[in-house]
Structure formats: structure tokens, C-alpha cells
> 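My questions will all concern the structure given below.
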Protein chains: 2
Amino acid sequence: MKCHSFNVFFETIANKTRLKILETLQDKPKSVTEICNALKEEQSKISHNLKCLADCHFLDVKKQGKKRIYSLNKETMVPLMKLVSRHVARYCCKDCKARGK
Amino acid sequence: MKCHSFNVFFETIANKTRLKILETLQDKPKSVTEICNALKEEQSKISHNLKCLADCHFLDVKKQGKKRIYSLNKETMVPLMKLVSRHVARYCCKDCKARGK
DNA sequence: ACTATATATGAATAGCATTTCATATGAAAT
DNA sequence: ATTTCATATGAAATGCTATTCATATATAGT
């Protein structure tokens, strides 16, 4: 296992803003402005976080006039999210309820 | 997608110490002291991080005398690591070489 | 060329997670 | 009961990441 690459991979996803971006892009590809509106977040914040995600190839970008359209790298993200969903459903929800979280 | 649970999931893995713990446990289950020796890290550091990992059910624990033996939750971790390996191999390594990292 | 719109970027600050150190707890042996 | 080994835990300090704010760049239209 190459700890550094793995670490970058996970650090990039382990962030609420970036997770929300990934979530909203599951719906369909969007421009920066569209993402900002969807999440009600500031533009520079979104841009900074989009950069991380694109650097790690979680997202692809293409130019369209003045806009940049970001889309999900489904090949990795879809199975990843499925796997995590299963883990979370199995283990975390029960615990959270038990602990009153 | 439940962003909070997902976030906890990823934050827990997104840490060098914890990734190294997961790595060393792929080999075989180990006690805290064995993990400390394997990673050459302080005991309290390891214990704190083991707690995170166990809380998220990435690890299982069982008592054995004074020792606590930690083992990997292979059901989630094996396919997860496979998926990430593939992603990293496909995208990150090329980029890193290209950038001289 | 100028203006407006869309996005990116640098740097300082704010916010949070990790480590460290001291200490507590637990389990077995004498 | 006490000592020793193994692990856990709390709190302070350290270190790192994210956000913010100001500004730069890029593209298209007039």
C-alpha cells in the first residue's frame, strides 16, 4: 500500500464541502456557479475545493464558453459510495442510534 | 448520501498513522504493543488512533489476557483498498511522475 | 478596447484534528 | 495485596487544513 497516495485520496474526500460537491454532481454535471447555488456556498470556497477534487481525478472538467462544467468520475466514485453506504448502513447507524447521536 | 456518516468514515481513514495501522493489520491481527513496534510509534498515539478505527468498525477487538488483539474488518477494507489502489494506479502515479513528485 | 460574467488563485486567519505527556485503569503473576 | 505489564484516557499544546477576502485571469459580447 502506498500510504501517501492513499492518504491524499482519502483526505480529499474527507470533507463536508467536497462530499456535498460530489453528491450534487451525482445528479448531473454542473458549472461552478450552479454548484454554488445548489450548495449555497461562496464561489471561491467552491473553486478551491473543486481544484482538490479535480487534481485527484474525482472530477473531470470541460470548458463551455466562460463556464467550466465539472462532472463526476463515475468509475471510481459510484462503487466507492456504494461500498461506504453499505458499511455505514451496517455499522454506523445502529451505533449512532444507540448512542443517541 | 448521508454526508455526516460519510465524512466520519473518510476522515477516519484519511490519516497517515491510521492508514499504517490498517496496513500492518492486513498482514495479521496484532496487539497494541505489536502495532507500536511494527510502526515505531508511541503507545498512546496508537491507542488513540485505534479507538477511532474501532469506533468506525474498521477494526475488531478481542481481549486475550492483558492484551487486546486488533484485527481488520476485511469485508469493508479489502474491497475499499482494492478500489483505491486502482484509482491511484490509474490516475495519481502518472501525474506524480509528470510533476516530478 | 471595454465591460460584464465566470472562475481561479494567493495569503492571512480561523477552526479543527493530532500528538504528547501525565496519569488512570485493567489483568495477571507473585 | 502489591507489583508489573498492557492498554486507555484527559487535557494542553502543536500542527495542519479550510475558509475568507481581495484580487487576478479568462472568455464572450458590445
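Note on naming: letters A, B, ... go to the chains in the order of the sequence lines (proteins, then strands), and numbering restarts at 1 for each one. The structure presented is a predicted model; accordingly, all values stated were derived computationally and were not measured.
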> Is a side-chain N or O of B:R86 found less than 3.5 angstrom from the main chain of A:T76, in a donor-acceptor match?
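Answer holds: no.
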
> What is the distance, rounded to the nearest whole Å, between atom CD1 of B:I46 and atom C1' of C:dC21?
16 Å

> So, does A:N15 get its side chain near the phosphate of D:dT17, meaning an N or O under 4.0 Å from OP1 or OP2?
no

> Is any side-chain heavy atom of B:L22 closer than 4.5 Å to a side-chain heavy atom of B:L59?
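Yes, close enough: below the 4.5 Å cut-off.
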
> What bend angle does the helix from C:dA1-D:dT30 to C:dT30-D:dA1 show across its length, from five-pair end axes and to the nearest 10 degrees?
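Inter-axis angle at the ends, rounded: 20°.
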
> Write down the atom of B:C36, the atom of B:I46, and the distance for their closest heavy-atom approach.
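Minimum heavy-atom separation between B:C36 and B:I46: SG-CG1, 3.7 Å.
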
> B:K16 has an atom NZ; how far is it from atom P of D:dC16, in whole Å?
9 Å

> Does a side-chain N or O from B:Y70 land closer than 4.0 Å to OP1 or OP2 of D:dA8, or not?
yes

> Listing request: all salt bridge (Lys or Arg N to Asp or Glu O under 4.0 Å) pairs with a residue in residues 24-47 of chain A, at least two apart in sequence or in separate chains.
A:D27-A:K30, A:E41-A:K45

> Can you list, pair by pair, the side-chain donor-acceptor contacts under 3.5 Å of residues 64-74 of chain B, counting residues two or more places apart and other chains?
residue, atom, partner, partner atom, Å
B:N73, OD1, B:E75, N, 3.2
B:N73, ND2, A:Y91, OH, 3.4
B:N73, ND2, B:H57, O, 2.9

> Given side chains that start at C-beta, do those of A:F9 and B:I13 come closer than 4.5 Å, heavy atoms only?
no

> Kindly give the heavy-atom pair with the smallest separation between B:N49 and B:I21, and that separation in Å.
CB-CD1, 4.0 Å

> Which whole-number value in Å describes the distance from A:K30 NZ to C:dA6 P?
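Computing the A:K30:NZ to C:dA6:P distance gives 17 Å.
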
> Report yes if some heavy atom in the side chain of A:M81 is under 4.5 Å from a heavy atom in the side chain of A:L19; otherwise report no.
yes

> Name every residue in residues 33-45 of chain B that has at least one heavy atom under 4.0 Å from any atom of DNA chain C, in order of residue number, or write none if there are no such residues.
B:E42, B:S44, B:K45

> In chain order, what residues pass the side-chain contact (heavy atoms from CB on, under 4.5 Å) check against A:S85, with sequence neighbours excluded?
B:F6

> Atom CG of A:L59 to atom C1' of C:dT7: distance rounded to whole Å?
15 Å

> If you only use heavy atoms from C-beta on, which nucleotide in D:dT17, D:dT9, C:dA8 is closest to the side chain of A:E11?
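When the side chain of A:E11 is considered, D:dT17 is the closest of D:dT17, D:dT9, C:dA8.
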
> Tell me if a side-chain donor or acceptor on B:T12 pairs with a main-chain N or O of B:V8 at a distance below 3.5 Å.
yes

> D:dT7 P sits how many Å from B:L50 CG, rounded?
10 Å

> Please state how far atom CD1 in A:I69 lies from atom P in C:dT7, giving the value in whole angstrom units.
7 Å

> Can you check the B:K62 NZ to C:dA27 P distance for me, whole Å?
18 Å

> I want to verify a distance call: between C:dA27, D:dT19, D:dT7, whose nearest atom is closest to the A:T17 side chain?
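Selected nucleotide: D:dT19.
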
> Please write out the pairs of protein N or O atoms and N or O atoms of nucleotides 28-30 of chain D separated by less than 3.5 Å, giving the distance to one decimal.
none

> Measure CG/A:L53 against P/D:dA18 and give the value in whole Å, please.
10 Å

> Does C:dG26 have OP1 or OP2 sitting under 4.0 Å from an N or O in the side chain of B:R68?
no

> Answer whether the closest heavy-atom distance between the side chains of A:V61 and A:L50 falls below 4.5 Å.
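In short, these two side chains do not touch, never coming nearer than 4.5 Å.
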
> Using the six-membered ring for Trp and the full ring for Phe, Tyr or His, decide whether A:H48 stacks on the six-membered base ring of D:dT19 (centres under 5.5 Å, planes under 30°).
no

> Could you give the distance from CD (A:E11) to NE2 (A:H4), rounded to the nearest 0.5 Å?
8.5 Å

> May I ask you to evaluate whether B:N49 reaches the phosphate of C:dA17, defined as a side-chain N or O under 4.0 Å from OP1 or OP2?
no

